[in-house]
> 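Have a look at this one.
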Amino acid sequence: MWKDIHILLLGERRVGKTSLILSLVSEEFPDDVPNRVEEITIPADVTPEKVPTHIVDYSESEQAEYQLCEEVGRANVVCLVYDLTDLSTLEKVKLKWLPLIREFSMQDNMLPVILVGNKSDLIPDSKMYEAVPIMNEYPEIETCIECSSKTLTNVSEMFYFAQKAVLHPTWPLYSPQDGY
Ligand code: GTP
Ligand code: MG
């Protein structure tokens, strides 16, 4: 039984981590976004799974690497955000963020990750096919989702998937490597 859940948002600068948190909380797109917002606690009774949930922002411009290491150590799940209009940020997911999460994670099992393509309002069609090879390579990615903090599309779904990944993990119960 989980006492509470820590959701950490990571990803390259400007992909929209802070905007996603503020959009979830205020149900509108923030025009002015600070680099980082303080940890937000959502009480159990307003979360779909009825578990108190802490949402933690990270900003490379305000925090040092040791703080990143501490935050990953405290997290139960990471929402790893990239920008759908700048696929170099998805490349960084693979080359930088997923290896870093593996390195800093304190859990015996791998920390679950939700792969989040943000700014879907700016692209005409889904680019999910770009994320699929990375999903296949990293079993800790529970699911991927495309969303927009501007139009609020899939924002609450993203946080729900993150809660669900902690409470009802499909990995390591299922791993393609060992086939059960
Ligand atoms: P750092 O704190 O620097 O790491 O950036 P961040 O990942 O927190 O990004 P932030 O929320 O500051 O957003 C960066 C820029 O993208 C801002 O100008 C936002 O208004 C814009 N933005 C964020 N989400 C969306 C979105 O879904 N659609 C559009 N069109 N713009 C967005
Ligand atoms: Mg930010």
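These numbers were taken from a predicted model, which means no experiment stands behind them. As the structure lists them, so they are numbered: ligands from 1, and atoms in each ligand from 1. Reckoned from all heavy atoms, side chains included, excluding hydrogens, waters and symmetry mates.
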> Using a strict cut-off of less than 4.0 Å between a Lys/Arg side-chain nitrogen and an Asp/Glu carboxylate oxygen, indicate whether Arg74 and Glu39 qualify as a salt bridge.
yes
> Considering the Mg ion (ligand 2), could you give the total of protein N/O/S atoms lying closer than 2.8 Å?
2
> Less than 3.5 Å apart, any donor N or O on the side chain of Asp83 or Thr89 sitting next to an acceptor on the other?
no
> Are Ile40 and Val46 connected, step by step, through hydrophobic side chains (Ile, Leu, Val, Met, Phe, Trp, Tyr) whose heavy atoms are closer than 4.5 Å?
yes
> Under a strict 4.0 Å criterion on non-hydrogen atoms, which protein residues are in contact with ligand 1?
Glu12, Arg13, Arg14, Val15, Gly16, Lys17, Thr18, Ser19, Phe29, Val33, Asn35, Ser59, Asn118, Lys119, Asp121, Leu122, Ser148, Ser149, Lys150
> Check this for me: does any side-chain nitrogen of one of Lys96 and Glu91 sit under 4.0 Å from a carboxylate oxygen of the other?
no
> Whether the Ser120 and Glu146 side chains hold a donor-acceptor pair (N or O, under 3.5 Å, no angle test) is what I'd like checked.
no
> With a cut-off of 6.0 Å (strictly less than), are more than 12 heavy atoms of other residues, nucleotides or ligands near NZ of Lys127?
yes
> Are a donor atom and an acceptor atom from the side chains of Gln163 and Thr53 found within less than 3.5 Å of each other?
yes
> Would you kindly say whether Ser148 and Asp121 are connected by a side-chain donor-acceptor distance under 3.5 Å?
yes
> According to the interplanar angle, ranging from 0 to 90°, do the rings of His6 and His54 count as parallel (below 30°), tilted (30 to 60°) or perpendicular (above 60°)?
parallel
